[in-house]
> 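For reference, the structure I am asking about is given below.
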Amino acid sequence: MSTYLVRRFLQMILVLFISAVATYALLNFAPGGPLQGLRQIQQTGRTTITEDDIARIRAYFELDLNLWVRFSRWLLGTPRGPVVIGGKEYFADLVVGCRKPIESEIIDENGKYQNVVVGCKEVVYMKDLVGRRTSNGLVRGDFGMSWRILRDRPVSDLIASRLPKTLQLIGIQTLLSLLIGIPLGIYSAVRQYSTFDYIFTTLAFMGSAMPTFFFGIVMILLFSILPKDAGWFYVPAGLSESVRNYTVPGLGEVIAGSFTDRALHLILPVAVLTIVNVAGWSRFIRASMLEVMRQDYIRTARAKGLGDKVVILKHALRNALIPFVTIVVFTLPGLFSGAIITESIFAWPGMGRLYLLALGDYDYPVAMAIFFIIAVLTVIATLLRDILYTVVDPRIRLS
Amino acid sequence: MTASTQVAKLEAEAITIEERSPFQVVMMRFRRHKLAMVSLGLIIFIFLVTALAPYIARFEFDEVNVGKYFVDWGTVDAETGRVHYMGTDNIGRDYFSRLIYAGRISLTVALLSVLISETLGIIVGAVSGFYGGWLDAVLMRFLEFMLTIPTLPLLLIISAMLLQNEELIPIPEPLLNFLGDFLLLGPRAARNAVLIVIVLAGFGWLSSAQLMRGTVLSLREQTFVEAARSLGASNVWIIMRHMIPNAMAPIIVDASLGLAGYVVAEAALAFLGFGIQDPIPTWGNMLSATQQFMLSRPYLPLVPGLPIFICSLAFNYIGDGLRDALDPRLKL
């Protein structure tokens with residue numbers, strides 16, 4: 001077991017390194033990025049942006065450094081200047097980037113004009129890196145500074161401010177889905193071919209085919225907009241709490257930011273996520289239960305005169321839940337990344353929306369941090385699943 | 001009475017059943033699944049309407065009617081006499097025309113994605129499962145990891161990157177022109193659609209490859225493969241002639257369920273603003289545009305939303321019916 005864990009741990013580090021490289025490469029290899037707007041301003045010629053301005057902006061985004069230097073600074077927090085060994089500086093004159101590239105317009109074979117970097121007017125040496133702002137590196141838990149959303153504030157602050165909202169949403173949702181989904185699946189499997197089972201399977205099938213974004217909008221329509229227009233009890237939709245006080249028929253005035261206000265705002269997003277999740281999970285439990293119920297040991301248990309309750313809950317359910325562990329464990333990355341679509345529909349200020357915002361706004365440090373954490377959690381979930389398997393099913397041995 | 005006449009008599013008395021090809025058997029079983037048949041009918045109807053889009057739609061999808069914003073259903077255009085069957089949107093574009101052009105684009109993107117991802121999946125899965133070895137081991141670890149990462153964040157990060165650098169992946173001009181003609185779009189707009197296909201199929205093939213590999217692994221041990229090999233069949237022949245045809249049942253079911261998935265995924269990307277962009281209509285970005293008018297026009301989101309739901313449900317039911325018809329033991 002311990003050798004297994006050590007080996008898995010080493011594998012995990014390798015996988016995480018690869019995901020870090022992939023995450024970084026995805027957003028940084030591609031041209032364009034945060035300077036795209038700048039180039040357009042330059043081309044219109046109405047505003048004057050000097051070469052030095054551009055050099056300064058490029059330095060702000062670290063775009064004047066070579067890709068490997070940037071990556072190393074993002075991941076490890078080095079190099080931050082010349083290597084000092086015994087009071088002597090090494091690599092001080094190593095070229096690590098280009099402050100002012102010379103661009104030239106050339107015509108490619110299709111007859112299109114393209115800007116190509118042909119040389120460098122002013123290079124960046126290793127010694128120039130001293131004193132420049134940098135993160136302490138991903139490995140030390142520093143994700144760097146945000147570029148746009150909260151400019152010059154640490155990405156971790158941004159994440160910390162959004163994470164509780166997502167944990168709240170996804171936590172309640174997962175709990176409810178388990179509490180509703182498992183009994184529903186069991187009941188439906190035990191009463192196979194009954195009217196309940198028929199209605200349940202049809203609804204669950206439709207539920208898992210229902211796109212979340214459409215479902216969310218329909219829920220807002222049914223429980224917020226239409227009842228409000230009709231003057232009935234309605235549930236507020238959008239944001240996690242209201243900006244000003246409002247009155248809900250049957251409940252009286254709700255004070256903005258109060259517990260009632262926040263609870264009311266939770267109802268719709270939680271309901272959407274729960275219903276979609278229950279549809280999938282209970283279908284899984286049902287199929288799993290049906291398979292187990294056909295096994296010989298269930299017949300044996302019944303033959304020796306055990307009651308229905310014992311057979312179903314003790315013999316069948318325990319075995320049916322084994323494959324379900326996988327599904328539940330992989331909600332872990334979701335706890336962090338949130339429900340991007342649902343958060344976006346309900347303007348819920350959580351991680352999912354932050355991720356969307358970061359991608360749309362070229363705030364790459366934020367997007368990379370979130371994506372990397374998702375990868376880390378996925379790897380942890382995989383390990384957790386393997387270990388949990390041995391706990392719930394002692395026949396499986398890790399080696 | 002000689003032996004031969006006896007045999008002849010036997011033949012005459014034997015109950016003869018009409019010979020059916022495997023295809024006929026499957027079709028017969030598929031017909032029993034009523035919901036799948038209804039779904040098939042619906043899908044054929046939607047395909048026909050979207051295929052005939054230029055003849056049915058009275059307006060161009062990007063034709064702006066100045067001053068006619070949010071006109072009522074069935075309003076007649078005074079100048080040309082054309083009817084706005086479903087009124088117009090917030091900048092005066094005919095809603096009905098946009099809806100069916102959107103269907104054409106959404107469905108084409110889904111179909112192309114399925115085609116590419118299943119083809120890639122079949123090839124990679126078959127080769128990996130058949131030959132095994134270290135390549136198979138590495139590939140499967142990679143697939144496993146990719147498939148456990150939450151899909152949406154991954155899709156979003158890739159399409160965000162691709163949409164910002166449209167020229168990053170070189171797409172042959174003739175292909176863009178052909179697709180543009182088919183989708184009734186310009187080459188630049190067609191590029192947007194192709195990028196989304198690349199993003200979707202780029203992930204879709206992972207699960208198809210895993211599925212195909214599993215099937216090939218179990219087929220490899222079958223006696224008929226051994227028989228083929230002992231008759232001197234080459235590996236390529238065995239894969240092409242024995243593995244792939246025998247693994248078609250799960251692949252067909254997977255493709256049908258995949259169509260549902262891609263319609264929803266494309267719409268989700270467009271809904272979140274990282275898919276096909278306005279003015280090119282898709283059901284997803286039309287739905288997203290209705291969100292800001294929900295307070296004044298609460299029923300508007302149902303118009304582009306229902307087709308997504310119907311397509312998703314229908315492809316799922318068809319997949320369900322196909323599974324029952326092809327091999328009910330399949331777990332997909």
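Computed from heavy atoms alone, side chains included, the values below leave out hydrogens, waters and symmetry copies. Residue numbers begin at 1 in each chain, while the letters A, B, ... track the order of the sequences.
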> Top residue by heavy-atom pair count (under 4.5 Å) with chain B, among Asp229(A), Ile18(A), Thr23(A), Ile345(A)?
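Going by pairs under 4.5 Å, I would pick Ile345(A).
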> Given heavy-atom pairs under 4.5 angstrom as the criterion, report whether the side chain, backbone, both or neither of Leu35(B) touches chain A.
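Contact with chain A: none, neither part.
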> Considering residues at least two apart in sequence or located in another chain, which fulfil the ring pair (Phe, Tyr, Trp, His ring centres under 6.0 Å) criterion with Tyr24(A)?
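Once residues adjacent in sequence are excluded, the partners of Tyr24(A) under the ring pair (Phe, Tyr, Trp, His ring centres under 6.0 Å) criterion are Phe71(A), Trp74(A).
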> Given a strict heavy-atom distance threshold of 4.5 Å, which part of Leu302(B) is in contact with chain A: side chain, backbone, both, or neither?
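Both the backbone and the side chain of Leu302(B) come within 4.5 Å of chain A.
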> For Thr331(A) and Ile327(A), indicate whether the former's side chain and the latter's backbone hold a donor-acceptor pair under 3.5 Å.
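No, because the side chain of Thr331(A) does not come within donor-acceptor range (under 3.5 Å) of the backbone of Ile327(A).
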> Report, in residue-number order, which members of residues 308-321 of chain B are under 4.5 Å from chain A by heavy-atom distance.
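The residues closer than 4.5 Å to chain A, in numerical order, are Ile308(B), Phe309(B), Ser312(B), Leu313(B), Asn316(B), Tyr317(B), Asp320(B).
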> Does any backbone or side-chain atom of Leu377(A) lie under 4.5 Å from a heavy atom of chain B? Answer side chain, backbone, both or neither.
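Leu377(A) has no heavy atom closer than 4.5 Å to chain B.
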> If only atom types and distance count, is the side chain of Arg104(B) paired as donor or acceptor with the main-chain N or O of Thr50(B) below 3.5 Å?
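Such a contact is found between Arg104(B) side chain and Thr50(B) backbone.
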> Check the pair Met37(B) / Lys34(B) against side-chain contact (heavy atoms from CB on, under 4.5 Å), numbers first and verdict last.
CA-CA 5 Å; Met37(B) 282 306 284; Lys34(B) 295 227 174 56; 5.7 Å; no
> Within the side chain of Ser288(B), is there an N or O that forms a donor-acceptor pair under 3.5 Å with the backbone of Gly284(B)?
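Not at all, since once roles are kept as given, no pair shorter than 3.5 Å links the two residues.
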> Under 4.5 Å from any heavy atom of chain A, what part of Leu306(B) do you find: side chain, backbone, both or neither?
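Looking at Leu306(B), backbone and side chain both touch chain A.
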> If you check every heavy atom in residues 266-274 of chain B against those of chain A, which residues fall under 4.5 Å?
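Contacts with chain A: Ala267(B), Ala268(B), Phe271(B), Leu272(B), Phe274(B).
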> For Leu221(A), is there any backbone N or O sitting under 3.5 Å from a side-chain donor or acceptor partner on Ser224(A)?
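Not confirmed, Ser224(A) side chain does not pair with Leu221(A) backbone.
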> Are there over 12 heavy-atom neighbours, none belonging to Tyr246(A), within less than 6.0 Å of that residue's OH?
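Count over threshold, so yes.
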> Check for a donor-acceptor pair, side chain of Asp278(B) on one end and backbone N or O of Asn285(B) on the other, with a separation under 3.5 Å.
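Side chain of Asp278(B) to backbone of Asn285(B): no pair is present.
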> Would a distance-only check, ignoring hydrogens and angles, find a side-chain to backbone donor-acceptor pair under 3.5 Å from Ser106(B) to Gly103(B)?
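Such a contact is absent between Ser106(B) side chain and Gly103(B) backbone.
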> I would like to know whether Leu357(A) and Asp363(A) meet side-chain contact (heavy atoms from CB on, under 4.5 Å); could you show each step before the answer?
CA-CA 8 Å; Leu357(A) 213 62; Asp363(A) 200 335; over 6 Å; no
> Parallel, tilted or perpendicular for Phe371(A) and Tyr355(A), by the 30°/60° rule?
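It falls in the parallel class, under 30°.
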> When only heavy atoms count and the cut-off is under 4.5 Å, which of residues 210-219 of chain A reach chain B?
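At a heavy-atom separation under 4.5 Å, chain B is reached by Met210(A), Pro211(A), Phe213(A), Phe214(A), Ile217(A), Val218(A).
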> Using side chain to side chain contact (heavy atoms under 4.5 Å, CB included) as the criterion, point out the one residue from Val366(A), Ile373(A), Thr166(A) that pairs with Ile159(A).
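Result: among Val366(A), Ile373(A), Thr166(A), Ile373(A) is the only option passing the side chain to side chain contact (heavy atoms under 4.5 Å, CB included) with Ile159(A).
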> I'd like to know which of Met368(A), Gln11(A), Met206(A) tops the heavy-atom pair count under 4.5 Å against chain B.
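Highest number of pairs under 4.5 Å: Met206(A).
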> Side chain from CB out, backbone as N, CA, C, O: work out which of these in Leu359(A) comes under 4.5 Å of a heavy atom of chain B, or both, or neither.
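Both parts, backbone and side chain.
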> Ignoring hydrogens and geometry, is there a side-chain-to-backbone donor-acceptor pair from Gln292(B) to Thr290(B) under 3.5 Å?
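Not confirmed, Gln292(B) side chain does not pair with Thr290(B) backbone.
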